[in-house]
A.B. asks: 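So that we are looking at the same thing, I have put the structure below in structure tokens.
Every chain is numbered from 1, with letters handed out A, B, ... down the list of sequences.
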Amino acid sequence: METAAFDLSTLNPEQREAVLHEKGPLMIIAGAGSGKTRVITSRVAHLIQTGLYPSRILAVTFTNKAAKEMRARVEAMIGDAARNMWIGTFHSTCARLLRQEGEAVGLSRDFVVYDDGDQNTLIRDILKSKGLEEKSIQPRALLSEISRAKEKLLTPEQYAATASGYFEKIVAQVFPVYNRTLAKANALDFDDILLMAVRLLQEGKEVREKMQERFEQVMVDEYQDVNFAQYKFADILSAKHKNITIVGDDDQSIYGWRGADLSLMLRFTSDHPDAKIITLDQNYRSTKQILDGAYSVVRHNRGRNDKKLWTQNTGGSLIQIGEAGTEQDEAMLVADTVLREVRAGRKKWGDFAVLYRMNAMSRVVEEAFVTMRIPHILVGGQRFYERKEIKDMIAYLRVVLNSADDVSVKRSLNTPSRGIGQTSVQKAEKWAADKGATLFETLANTAFQQELQKKQLSGINSYIGLIEDAAHLAKEGRITPVLTHLMKSSGLLEELRAERTEESQSRLENLQELVNVTTNFDNDPETEKTLGAFLESVALSADTDSLNESGDSVTLMTLHSSKGLEFPAVFLMGLEEGVFPHSRALDSNTEMEEERRLCYVGMTRAKEDLYLTFARRRSTYGQAKFNPQSRFLGDIPRDLTDPMVGSSPSVSPVSSTRTVHLERSGTYSLSEPDQPRQRPSWTPPFQVGQKVQHKKFGLGIVIACAPLRNDAEVTVGFPGDVGVKKLVQSLAKLESVS
DNA sequence: TACCAGACTATTTTT
DNA sequence: TAGTCTGGTA
């Protein structure tokens with residue numbers, strides 16, 4: 001980290017220009033590794049040094065981690081004055097605004113934030129109550145459609161007006177109910193936080209003018225990832241002074257599936273015809289081979305701003321390509337390479353990152369690393385705040401804060417078991433719906449209680465007593481006593497301790513960790529000491545926030561979570577058609593372009609060494625698959641690559657000539673020579689690349705063969721509309737054509 | 001109410 | 001394969 005004040009002389013001309021720009025809209029197109037963060041922080045420092053009050057700067061990012069880093073770096077340059085800046089994520093900034101001014105749009109200060117899990121339970125309940133549950137509607141799909149609508153700032157009415165087709169009609173039906181339920185529970189989902197903040201600014205003239213006046217400089221980082229609501233938020237706030245700076249890279253847009261809209265980046269220049277545009281294309285991170293390789297993958301995308309990164313760093317090794325028999329072999333190849341480099345003293349464990357397309361792929365790597373005793377940390381996967389026991393306790397805390405939160409009442413009511421089952425809950429829900437009361441009010445209502453059996457009644461009373469005691473404790477301001485009281489008196493601790501299994505032990509540890517979190521919160525002088533503030537910090541935080549160089553270990557994570565990071569050596573695994581690019585992207589142009597960008601992001605994480613690996617055979621969902629190697633590998637010019645040491649090619653790439661396959665296919669069996677297996681070896685009926693004749697489809701080329709009991713599943717590519725087919729040999733009766 | 005077996009279904013996830 | 005969900009039964 002830079003500790004001295006910033007030094008203009010170490011910046012390149014474009015960077016300097018961006019830093020010194022003072023008035024008017026500015027767009028910085030910042031390629032990977034082009035010193036973006038340095039430019040933004042220097043710019044902030046420069047503005048403050050030229051007399052701007054820090055409190056008049058708003059800087060928004062997408063992650064808490066980025067926000068934290070930005071603040072720390074500015075502080076290092078200009079000292080404590082940086083504290084008064086508004087630096088935060090879109091969500092935390094909007095939530096802050098809503099807590100301050102939200103009452104103007106009828107929002108209570110004590111709103112809770114619903115995460116994906118809560119949204120899911122809510123939507124399921126609604127589907128059930130509408131009798132729509134078995135109509136093959138996936139709650140997830142529904143939620144993402146609603147989310148998409150909210151990101152566009154659409155009201156349920158506006159959505160309904162344009163809804164067409166079966167699915168959209170259902171969404172139109174559910175959407176308003178979903179919103180009403182949230183409102184009744186005094187809850188906001190992630191999208192609401194943005195939406196309500198924008199609405200507040202649009203409708204509340206006074207608030208709007210106050211905020212517009214206040215923020216003389218507005219900066220948005222990672223602009224390629226903004227959605228419409230976020231765009232609007234920044235747009236309104238910067239409308240008065242017009243000093244908006246956006247920083248982004250269209251080649252690194254990998255969150256399209258989450259509503260990020262790349263076209264908003266283009267829109268910036270039409271919104272602000274006078275905008276200054278600066279492109280940072282000198283890369284300070286990677287070697288030329290890595291940059292050229294990455295470029296050869298993204299350049300296939302249409303409609304991108306062509307921008308080729310350059311570097312003065314022309315040394316370094318070629319991109320290394322590793323081929324393995326199975327995914328286990330692939331993982332071992334990675335492990336071996338790491339081990340060799342570390343033993344040779346060329347690298348430390350912490351210099352390596354292993355990136356993959358799906359979290360599920362981490363397991364094999366972990367296994368290999370464990371057997372080879374390679375220290376590693378796994379990023380992502382099951383998140384702390386999504387663990388059951390943590391969510392349970394959070395649910396309790398939320399009820400203490402806001403008893404209208406029905407979702408949390410339902411979750412906590414019978415955990416641990418108080419003998420209150422589905423039937424009782426349904427009874428209470430019905431009663432609540434009839435009387436227009438909240439669930440909690442209903443449970444406490446004497447008239448309702450008379451309808452209950454003794455057992456249920458005593459359970460409910462002990463629940464209510466527990467919440468009331470906790471609410472009393474909460475008035476004192478510290479969170480930890482409330483939490484520990486709830487854990488003890490609910491009997492949850494007791495239950496877990498009694499279980500004495502490995503799982504219960506780990507749950508107890510997680511709960512202990514939660515106590516640590518609240519203790520830190522209680523002792524942190526910076527935080528507002530209320531339960532609401534604590535719950536908000538929980539809802540708006542991600543695990544990766546705390547991801548720092550935690551010791552000297554290899555980092556394992558998905559390509560998505562690697563964005564913004566860099567490592568001396570990077571492995572990109574699973575470069576196979578159907579894995580990366582992901583199978584879901586194979587028939588969609590837009591998604592394929594996003595996969596390409598994802599590959600670009602992954603490759604440009606590497607500073608010195610980049611390894612791309614694939615396996616010929618991979619089991620997916622318990623089924624063996626022979627995927628052809630990824631098209632991305634084919635995009636990289638040969639003179640930039642080198643086979644990895646230990647790579648075991650046996651079949652040449654699909655694109656090469658057939659004769660090669662025929663010669664080598666003898667070894668093409670399930671029992672890899674280096675890893676003997678118990679299973680009898682299986683000989684595929686055809687070789688990959690072999691021409692075959694099908695009665696109906698005609699001539700085709702074998703792409704893959706997989707064993708299928710006493711049969712074989714043959715994947716064949718046919719020309720024209722027929723495309724790729726999976727055929728069972730005994731039925732398809734494919735004949736080989738020489 | 002609670003538990004178990006079988007069915008079902010599978011990206012990515014900054015907040 | 002593995003984790004989640006559902007429905008049937010004790």
Side-chain angles (χ1 to χ4, degrees), chain A residues 60-68 88-95 113-117 119-120 124 128 133-134 136 138-140 143-144 147 151 188-194 221-222 224-227 229-230 252-260 327 355-361 363-364 379-383 385-386 388 414 416-425 453 455-456 459 536-545 547 557-565 574 578-586 588 591 594-595 597-599 601-602 618-625:
Chain A
V60 260
T61 60
F62 276 83
T63 65
N64 292 303
K65 196 175 160 222
K68 224 187 264 173
T89 63
F90 271 104
H91 292 267
S92 69
T93 308
C94 290
V113 179
Y114 273 10
D115 68 14
D116 319 346
Q119 293 179 51
N120 218 300
R124 275 162 193 278
K128 229 176 258 176
E133 51 190 325
E134 72 270 75
S136 72
Q138 291 194 314
R140 275 222 330 243
L143 275 171
S144 85
S147 172
E151 278 159 0
L188 300 183
D189 64 19
F190 284 129
D191 300 309
D192 284 333
I193 296 176
L194 301 173
D221 193 12
E222 305 277 13
Q224 75 279 354
D225 290 333
V226 298
N227 62 36
Q230 290 161 333
Q252 292 190 70
S253 157
I254 54 173
Y255 284 102
W257 52 274
R258 258 184 116 269
E327 74 259 47
L355 311 181
Y356 34 80
R357 181 66 239 265
M358 288 175 284
N359 275 123
M361 293 167 69
R363 226 194 63 202
V364 207
V379 177
Q382 166 78 284
R383 279 186 271 184
Y385 289 114
E386 275 165 22
K388 186 186 173 303
N414 204 32
S417 174
R418 291 189 181 86
I420 307 158
Q422 235 181 2
T423 336
S424 315
V425 173
Q453 316 251 318
K455 187 175 156 210
Q456 276 72 264
E536 178 176 309
S537 81
V538 165
L540 300 185
S541 81
D543 280 9
T544 33
D545 292 348
L547 167 72
M557 64 186 153
T558 63
L559 286 149
H560 281 88
S561 25
S562 76
K563 199 176 80 171
L565 306 175
V579 176
F580 189 32
H582 193 272
S583 53
R584 298 276 279 256
L586 295 180
S588 150
E591 287 186 50
E594 190 150 304
E595 296 288 305
R597 292 192 291 266
L598 190 55
C599 187
V601 166
R618 178 179 302 274
S619 11
T620 356
Y621 312 137
Q623 283 257 303
K625 286 265 160 60

A.B. asks: Any side-chain donor paired with an acceptor under 3.5 Å for A/S619 and A/E327?
C.D. replies: yes
A.B. asks: Mind checking the P distance from B/dT12 to C/dC5? Whole angstroms is fine.
C.D. replies: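 Taking atom P in both B/dT12 and C/dC5, they lie 16 Å apart.
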A.B. asks: May I ask you to say what A/D115 touches in the nucleic acid, namely base, sugar-phosphate or nothing, with a heavy-atom cut-off under 4.0 Å?
C.D. replies: nothing
A.B. asks: Nearest of B/dA2, B/dT13, C/dC5 to any side-chain atom of A/Y255?
C.D. replies: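 Out of B/dA2, B/dT13, C/dC5, the nucleotide with an atom closest to A/Y255's side chain is B/dT13.
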A.B. asks: Using the aromatic ring of A/Y621 (for Trp, its six-membered ring), decide whether it stacks on the base of B/dA10 within the limits of 5.5 Å and 30°.
C.D. replies: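 The base of B/dA10 is stacked with A/Y621 (centres under 5.5 Å, planes under 30°).
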A.B. asks: Please classify the nucleic acid contact of A/S424 as base, sugar-phosphate, or nothing, using heavy-atom distances under 4.0 Å.
C.D. replies: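 Answer is sugar-phosphate: A/S424 comes under 4.0 Å of backbone atoms only.
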A.B. asks: On DNA chain B, check which nucleotide each of A/Q422 and A/L559 is closest to and give me the residue with the more 5' one.
C.D. replies: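 Whichever sits nearer the 5' end wins; that is A/Q422.
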A.B. asks: May I ask you to say what A/T620 touches in the nucleic acid, namely base, sugar-phosphate or nothing, with a heavy-atom cut-off under 4.0 Å?
C.D. replies: nothing
A.B. asks: Please pick, from B/dT14, C/dA2, B/dT1, the nucleotide with the shortest atom-to-atom distance to any side-chain atom of A/R383.
C.D. replies: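 Selected nucleotide: B/dT14.
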A.B. asks: Any idea which of B/dT12, B/dT14, B/dT1 is nearest the A/W257 side chain?
C.D. replies: B/dT12
A.B. asks: Mind checking A/G622 for me? I need base, sugar-phosphate or nothing, with any heavy atom below 4.0 Å counting as a touch.
C.D. replies: base
A.B. asks: Select base, sugar-phosphate, or nothing to describe what A/G419 touches, counting heavy atoms under 4.0 Å on all strands.
C.D. replies: sugar-phosphate
A.B. asks: Could you work out which one of B/dT14, B/dT11, B/dA10 sits closest to the side chain of A/Q138?
C.D. replies: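 Of the options given, the side chain of A/Q138 lies nearest B/dA10.
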A.B. asks: Counting side-chain heavy atoms from C-beta on, which of B/dT14, B/dT11, B/dA2 comes nearest to A/H582?
C.D. replies: B/dT11
A.B. asks: Out of B/dT11, B/dT13, C/dT1, which nucleotide sits closest to the side chain of A/M358?
C.D. replies: B/dT11
A.B. asks: B/dT12: syn or anti, with syn meaning chi within 90° of zero?
C.D. replies: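 Anti.
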